[in-house]
Every structure is written in structure tokens, then in C-alpha cells.
**Student:** 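Handing you this structure, nothing more for now.
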Amino acid sequence: MSHHLPDTKIPAPCIVNTGIIVNKLDMKRLLADLGRVHYIYTQEDKLLSEGEGDVMEVFANPQRSTLVANSALYLNVESFDYLELKQSPQQETYFDLMQEGMCLRLIPLSTPLQERKQRQWNVSAIEAMMDEVLAARWDAEFDDDCSDSF
């Protein structure tokens, strides 16, 4: 005797500003846009560590650790059971990464749009500096070529 389940599709969850995320890929996508954060690390509601840092990398690898040191955060979503999105009384979203009584709370100090603009500004600044360096080099080579004719 075979039992067939009806072919009904359950829609993917829609989470807006608050909710629990268990899918590691979704966790990675959310955390990847973070830049500078204030972090609070607690165990059973007891403060273990607190500070500010930059999210340098977000990855999923069961063989690697989540690391927070020297104002840098390397977040492994495999280190956590789930991510809970919450909102402050000021309606600002923050992230609680949960693992067996431990919580790494990440409070963004910038928005993804601000981070993108900052990255774009950095790229534009580097391009402008490279243009100046190349122009100066070409000027120097031109001057050298002109002085060789004397």
C-alpha cells in the first residue's frame, strides 16, 4: 500500500524585520550586507564580551570557527542554530545569532546602502589616484624624452 501526499507547494517564508531564520543560506545573505557593527556576546544572559568591529567575512563551513578579535568579525553561520531578527524600540533591526544559550547580538552601525556607497567611494577614490599616478608617470616620461634631445 502506498501513501501519496498531495502535490501542494508550501510557499517560502516571508520575513520582514522580525522573525527566526534557520536556513544557513538565508542567514549568510542577511549577514553579508553588514559592515560596522556593535556586538554583544552573552551566555545565559550574562555578558561575556562587547565591542565594535567590522564584518570581514560571512561563510558556512562546519570545520571553521566564528572569530571576533581585533575589531574584526569572521562569521560562520554553521556556528549557530538560528538567527533571530528583532527590532529595537527605535524600529532599528538587529541580529541575534543563537547557539545553545549563547547569543552573539549584532547591531548594525550602518545600512547596506551606506556600505555600498562607501565601497563605491573607495573604488572611485582608488581609480582617481591611479589616474593621477599614471598621468604623473607619463608626464615624467615625456619630460625625460624631451630632455634627452639636448
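Numbers for residues simply follow the sequence, beginning at 1. When reading the values below, keep in mind they use all heavy atoms of this one structure, side chains included, and skip hydrogens, waters and symmetry mates.
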**Student:** Would you check if L109 and H38 make a side-chain contact, meaning some heavy-atom pair closer than 4.5 Å?
**Tutor:** yes
**Student:** Mind listing the closest non-hydrogen atom pair of Y39 and S49 along with its distance?
**Tutor:** CE1-OG, 3.8 Å
**Student:** Which residues pass the side-chain hydrogen bond (donor to acceptor under 3.5 Å, both in side chains) test with S65, sequence neighbours left out?
**Tutor:**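 With sequence neighbours excluded, S65 shows a side-chain hydrogen bond (donor to acceptor under 3.5 Å, both in side chains) to no residue whatsoever.
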**Student:** Tell me whether L85 is reachable from V77 by hopping between hydrophobic residues (I, L, V, M, F, W, Y) whose side-chain heavy atoms are closer than 4.5 Å.
**Tutor:**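 Hydrophobic grouping puts V77 with L85.
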**Student:** At what distance, to the nearest 0.5 angstrom, does CZ of R29 lie from CG of N23?
**Tutor:**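 CG of N23 is found 8.5 Å from CZ of R29.
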**Student:** Given the rule that I, L, V, M, F, W and Y join up when any side-chain heavy atoms are under 4.5 Å apart, are M98 and V58 in one cluster?
**Tutor:**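 M98 and V58: separate clusters.
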**Student:** Under 4.0 Å between a side-chain nitrogen and a carboxylate oxygen: does that hold for E57 and K28?
**Tutor:** no
**Student:** Check whether any side-chain N or O of D54 sits under 3.5 Å from a backbone N or O of M56 as a donor-acceptor pair, and report yes or no.
**Tutor:** no
**Student:** If I take atom SG from residue C103 and atom CG from residue L47, how far apart are they, to the nearest 0.5 angstrom?
**Tutor:** 11.0 Å
**Student:** Within a strict 4.5 Å, meaning less than it, do heavy atoms of the L75 and V55 side chains meet?
**Tutor:** yes
**Student:** Are L106 and Y82 connected into the same hydrophobic cluster when the rule is that any two of I, L, V, M, F, W, Y join if their side-chain heavy atoms are below 4.5 Å apart?
**Tutor:** no
**Student:** Establish, yes or no, whether the cationic atom of R105 lies under 6.0 Å from the six-membered ring centre of F95 and within 45° of the ring axis.
**Tutor:** no
**Student:** Of the non-hydrogen atoms in V22 and M27, which two are nearest, and what is the gap between them?
**Tutor:**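 Minimum heavy-atom contact is O-SD, 4.1 Å.
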**Student:** With a 6.0 Å cut-off (strictly less than), is the heavy-atom count around OH of Y94, excluding the residue itself, greater than 12?
**Tutor:**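 Count over threshold, so yes.
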**Student:** Examine I15 and L83 and state if one hydrophobic cluster contains both, with Ile, Leu, Val, Met, Phe, Trp and Tyr joined whenever side-chain heavy atoms are less than 4.5 Å apart.
**Tutor:** yes
**Student:** Side-chain heavy atoms under 4.5 angstrom apart, residues restricted to Ile, Leu, Val, Met, Phe, Trp, Tyr: same cluster for I20 and L30?
**Tutor:**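 In one cluster: no.
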**Student:** Is it true that a side-chain atom of S88 and a backbone atom of E92 form a donor plus acceptor pair closer than 3.5 Å?
**Tutor:** yes
**Student:** Considering residues, nucleotides and ligands other than Y41, do more than 12 of their heavy atoms fall under 6.0 Å from its OH?
**Tutor:** no
**Student:** Evaluate the criterion side chain to side chain contact (heavy atoms under 4.5 Å, CB included) for residue pair I107 and I40; output intermediate values, then yes/no.
**Tutor:** CA-CA 8 Å; I107 303 165; I40 303 168; 4.0 Å; yes
**Student:** Looking only at heavy atoms, what is the nearest atom pair of V37 and P108, with distance?
**Tutor:** CG1-CA, 4.1 Å
**Student:** Taking N61 for its side chain and Q63 for its backbone only, find out whether a donor-acceptor pair lies under 3.5 Å.
**Tutor:** yes
**Student:** Could you measure the distance from the NZ atom of K46 to the CE atom of M102? Nearest 0.5 Å is fine.
**Tutor:** 11.0 Å
**Student:** Locate the shortest heavy-atom distance separating F59 from Y74; write the atom from each residue and the value.
**Tutor:** CE2-C, 4.1 Å
**Student:** Answer yes or no: is there a donor N or O on one side and an acceptor on the other, between the side chain of K24 and the main chain of N76, under 3.5 Å?
**Tutor:**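 No, the answer is negative, given that no donor and acceptor are paired below the 3.5 Å cut-off.
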**Student:** Between atom OG1 of T93 and atom CD of Q87, what is the distance when rounded to the nearest 0.5 Å?
**Tutor:** 4.0 Å
